[in-house]
Amino acid sequence: MKVYVAVESYTDEFGHTRPRIVIWQDGRRFEIQKVLEERQAVSVGAGGRGLRYTCLINGKRRFLFFEGPRWFVDAVKK
């Protein structure tokens, strides 16, 4: 399931954007420790296509998608 989130990001003088913090719907903030990869990809779990950032968040690999103009994550099923 696609969950739209707020993201604090940094854009450099060349127009390259890097996400820094993911802000969940309930206001919780998750710092992105490192961006491991950035590429165009399809979200298999949620559908949709965009720029996929493979991020290290709380020591775990997570995918964050930019489907301009919005950001989304695949909801983790419990």
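What's counted below: heavy atoms across the whole structure, side chains too, no hydrogens, waters or symmetry copies. Model, not experiment: these values are computed from the prediction.
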Taking atom [atom1] of [X] and atom [atom2] of [Y], what is their separation to the nearest 0.5 Å?
X: W71; Y: I23; atom1: CH2; atom2: CD1; answer: 12.0 Å
X: D74; Y: R62; atom1: CG; atom2: CZ; answer: 10.5 Å
X: E31; Y: C55; atom1: CD; atom2: SG; answer: 11.5 Å

Sidechain-backbone polar pair: D12 side chain, F14 backbone, donor-acceptor under 3.5 Å = yes
Flag, side chain of E38 to backbone of L51, donor-acceptor distance under 3.5 Å = no
Which pair of heavy atoms, one from S9 and one from P19, lies closest together, and at what distance?
-> CB-CA, 3.9 Å
Minimal non-hydrogen separation, R52 against A41, with atom names | CB-CB, 3.8 Å
Taking the side chain as every heavy atom from C-beta outward, state whether [X] and [Y] have any atom pair closer than 4.5 Å.
X: S43; Y: F72; result: yes
X: K2; Y: F65; result: no
X: L64; Y: V5; result: yes
X: T54; Y: F63; result: yes

Answer with yes or no whether the hydrophobic clustering places [X] together with [Y]; edges join I, L, V, M, F, W, Y residues whose side-chain heavy atoms lie under 4.5 Å apart.
X: V42; Y: V73; answer: no
X: F66; Y: V35; answer: yes
X: V7; Y: L56; answer: no

Output, in order, the C-alpha distance, side-chain angles, deciding distance and verdict of side chain to side chain contact (heavy atoms under 4.5 Å, CB included) for L36 and R61.
-> CA-CA 9 Å; L36 303 171; R61 287 174 47 129; 3.9 Å; yes
